[in-house]
Amino acid sequence: MPNDPAVTADNPTATAGPVRELSYAEAIREALAQAMAADSRVFLFGEDVGVYGGAFGVSGDLVHRFGTERVLDTPISELGIAGAAVGAALTGMRPVLELQFSDFVTLAMEQLVNQAAKIHFMFGGKASVPMVVRLPAGSGTGAAAQHSQSLEAWFAHVPGLKVVQPSTPHDAKGLLLAAIDDPNPVLVFEHKLLYKTKGHVPTEAYRVPIGKAALRREGRDLTIVASSVMALRAAAAAERLAGAGIDVEVIDLRSLRPLDTATIEASVAKTHRLLIVHEGVKTMGIGAEISARVAEGAAFDLLDAPIARLGGADTPIPYNPVLEKAAVPQEDDIERAATRLVREGRA
């Protein structure tokens, strides 16, 4: 991806320290290890996070480094695990809960939405729930309808929850550390296709601020807003569009709640066009919220074309690999939509 986030000028967490190439999964593991080494209250638990090393190998050897009292395998009971996390957080611990697939969070909704999200408010700010839920999400692995969803917009709808979607190894580490520091619940959606991607990651325990988008590419003709794997696809499409004379600005949301509306509006004020891309189903997706905010704000009068959205199809994710790709935006889809928006004023 152009403009590595570790050194991008607009990134307030950029550091001058040594950096190395780590995979997305390795960056998450390093964040967990640094947080656990720095604070005895931090512990990791979930399904197969111990000896097995995590369903996607993220926790790796952490159980050998920190022991079974701080890296705990749990029964397959998402509601029970989430309830245990809420209870541990209320007693002063800082649990990091991993569910094998983000789809399984549907079984933990009561504890997350009705308990974790509301306790701070219901107790007048005198209680907090400092817990993190890590959720391997998204399509592209042939895991079919029950293991491939993108449900992040559900949780961005809930006051009291924060929702982040890192797209790079740098942000995966920095956002996770920021989430562990947060006094209330944070859901971290980690796209499964990103675990093996590599990027520059500083050695120190840095933080990426929750609620701050990143400018991945500057442009003048069109703003594309995306997150997670779609931010990478948008950046790749932008490079291809540059060869056709279309200069695209790419904003990586990084955080869905809180949402960095100011960065989006500033970009739209410059490019006068907006395309929003997300993997979750287009209907009622995060793109609708972003569209509404821009339409209700000062940037609306500066638009030269209608706001356009690309999102997942209104269908469960298919198992067939051709149909699976067709169900969510790909680079070609982004390129075509951007071209139409710039040249014809429609997507």
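At distances below 3.5 Å, at least one donor-acceptor pair connects side-chain atoms of S59 with backbone N or O atoms of G53. Here the side chain of R207 pairs a donor or acceptor atom with the backbone of A205 at under 3.5 angstrom. Within the 3.5 Å criterion, the main-chain N or O of Q330 finds a donor-acceptor partner in the side chain of D333. With hydrogens and angles disregarded, no donor-acceptor distance shorter than 3.5 Å links the side chain of R254 to the backbone of S167. Under a 3.5 Å cut-off, the side chain of T91 and the backbone N or O of A88 do form a donor-acceptor pair. At least one donor-acceptor pair under 3.5 Å links the side chain of R94 to the backbone N or O of D182. Using modelled atom types, one side-chain atom of T271 and one backbone atom of T223 make a donor-acceptor pair closer than 3.5 Å. Panel note: side chain Y24, backbone P166; a donor-acceptor pair is recorded below 3.5 Å.
Residues I251 and L215 have side chains in contact (heavy-atom distance under 4.5 Å, counting atoms from C-beta outward). Side-chain contact between L194 and S228 is present, with heavy atoms from C-beta onward closer than 4.5 Å. You'll find the side chain of I290 reaches within 4.5 Å of the side chain of L253, heavy atoms only. Looking only at side-chain heavy atoms (C-beta outward), V268 and L303 come within less than 4.5 Å of each other. Put simply, the side chain of R233 reaches to within 4.5 Å of the side chain of V328, judged on heavy atoms. Within the 4.5 Å cutoff, side-chain heavy atoms of F155 are placed close to those of V105. Here the side chains of M36 and V96 are not in contact, with every heavy-atom distance at 4.5 Å or above. Side-chain atoms of M131 and P185, non-hydrogen and from C-beta on, do get closer than 4.5 Å to each other.
The distance from atom CD1 of I334 to atom CD1 of I224, rounded to the nearest 0.5 Å, is 6.5 Å. Note that the CH2 atom of W154 and the CE atom of M284 stand 13.5 Å from one another [nearest 0.5 Å]. Summarising the geometry, atom OG belonging to S291 is positioned 11.0 Å from atom CZ belonging to F300; distances are rounded to the nearest 0.5 Å. Separation of atoms CG (L193) and CG (L232) is listed at 10.5 Å; rounding is to 0.5 Å. To the nearest 0.5 Å, atom CG of residue L323 and atom NZ of residue K325 are 12.0 Å apart. For the atom pair CG (D304) and CG (L274), the distance works out to 12.5 Å, reported to the nearest 0.5 Å.
Between R240 and D332 there is a salt bridge, since at least one side-chain N of the basic residue sits less than 4.0 Å from a carboxylate O of the acidic one.
Within 6.0 Å of atom CD1 in I76, 12 or fewer heavy atoms from other residues, nucleotides or ligands are found, so the atom counts as exposed in its surroundings. The environment of F104 atom CZ is dense: over 12 non-hydrogen atoms of other residues, nucleotides or ligands sit within 6.0 angstrom. For K198, the NZ atom counts as loosely surrounded, since its 6.0 Å shell holds 12 or fewer non-hydrogen atoms of other residues, nucleotides or ligands. More than 12 heavy atoms of other shown residues, nucleotides or ligands fall within 6.0 angstrom of atom NE2 in H272.
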Anything under 3.5 Å between a donor and an acceptor, one on a side chain of residues 111-130, the other on a protein residue two or more places apart or in another chain? List them.
residue, atom, partner, partner atom, Å
Q115, NE2, E110, OE2, 2.9
K118, NZ, V113, O, 2.6
H120, ND1, A127, O, 2.8

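In terms of heavy atoms, K192 sits closest to T141 at CE-OG1, 3.7 Å. Heavy atoms only, all atoms of each residue included: S139 and I317 are closest at CB-CG2, 4.0 Å. Closest approach of A338 and L222 over heavy atoms only: CB-CD2, 3.4 Å. Here the closest non-hydrogen pair linking P169 and A27 is O-CB, 3.3 Å. G287 and I276 get closest at one heavy-atom pair: O-CD1, 3.5 Å. Between A82 and L97, the shortest heavy-atom contact is CA-CD2, 3.9 Å.
For the pairing with L22, the side chain to side chain contact (heavy atoms under 4.5 Å, CB included) check across E30, H200, R29 returns one residue only, E30. Tested against I180 for a side chain to side chain contact (heavy atoms under 4.5 Å, CB included), the candidates V132, V188, V186 yield a single pass: V132. Of the options M109, E47, Q100, a side chain to side chain contact (heavy atoms under 4.5 Å, CB included) to E78 is made by E47 and by none of the others.
Linking Ile, Leu, Val, Met, Phe, Trp and Tyr residues whenever their side-chain heavy atoms come within less than 4.5 Å leaves L177 and V49 in two separate clusters. Residue V281 is not grouped with residue L187 when hydrophobic side chains (ILVMFWY) are merged at heavy-atom distances under 4.5 angstrom, including chains of intermediate members. When the side chains of ILVMFWY residues are joined at heavy-atom separations under 4.5 Å, either directly or via intervening members, L107 and V158 end up in two distinct hydrophobic clusters. Cluster membership check: L302 does not share its hydrophobic cluster with V248, using side-chain heavy-atom separations under 4.5 Å among Ile, Leu, Val, Met, Phe, Trp and Tyr. Under a hydrophobic-cluster definition in which Ile, Leu, Val, Met, Phe, Trp and Tyr are linked whenever side-chain heavy atoms come within less than 4.5 Å, directly or via other members, I307 and L259 are assigned to the same cluster.
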Let me see the working for D221 and R343 under salt bridge (charged side-chain N to carboxylate O under 4.0 Å, His left out), right down to the final yes or no.
CA-CA 10 Å; D221 297 326; R343 294 184 174 168; over 6 Å; no

Evaluation steps, side-chain contact (heavy atoms from CB on, under 4.5 Å), between R216 and T168
CA-CA 11 Å; R216 298 300 189 202; T168 68; 3.9 Å; yes

Using the side-chain contact (heavy atoms from CB on, under 4.5 Å) rule, take R217 and E239 through it: C-alpha gap first, then chi angles, then the decisive distance, then the call.
CA-CA 9 Å; R217 187 185 192 281; E239 292 304 310; 2.7 Å; yes

Does the side-chain hydrogen bond (donor to acceptor under 3.5 Å, both in side chains) test come out yes or no for E152 and H278, once each step is laid out?
CA-CA 10 Å; E152 56 278 352; H278 55 83; 5.8 Å; no

Step by step, would you call I264 with D260 a side-chain contact (heavy atoms from CB on, under 4.5 Å)?
CA-CA 7 Å; I264 298 169; D260 186 0; 5.8 Å; no

Determine whether D252 and S227 satisfy the following criterion, side-chain contact (heavy atoms from CB on, under 4.5 Å), listing intermediate values before the conclusion.
CA-CA 5 Å; D252 183 349; S227 61; 4.2 Å; yes

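In summary, the side chains of E249 and S267 do present a donor paired with an acceptor at a separation below 3.5 Å, with no hydrogens or angles considered. Judged purely by distance below 3.5 Å, without hydrogens or angles, the side chains of Q149 and D103 pair a donor atom with an acceptor atom.
The aromatic ring centroids of Y206 and H170 lie less than 6.0 Å from each other.
The salt bridge (Lys or Arg N to Asp or Glu O under 4.0 Å) search around E26 returns none, not counting sequence neighbours.
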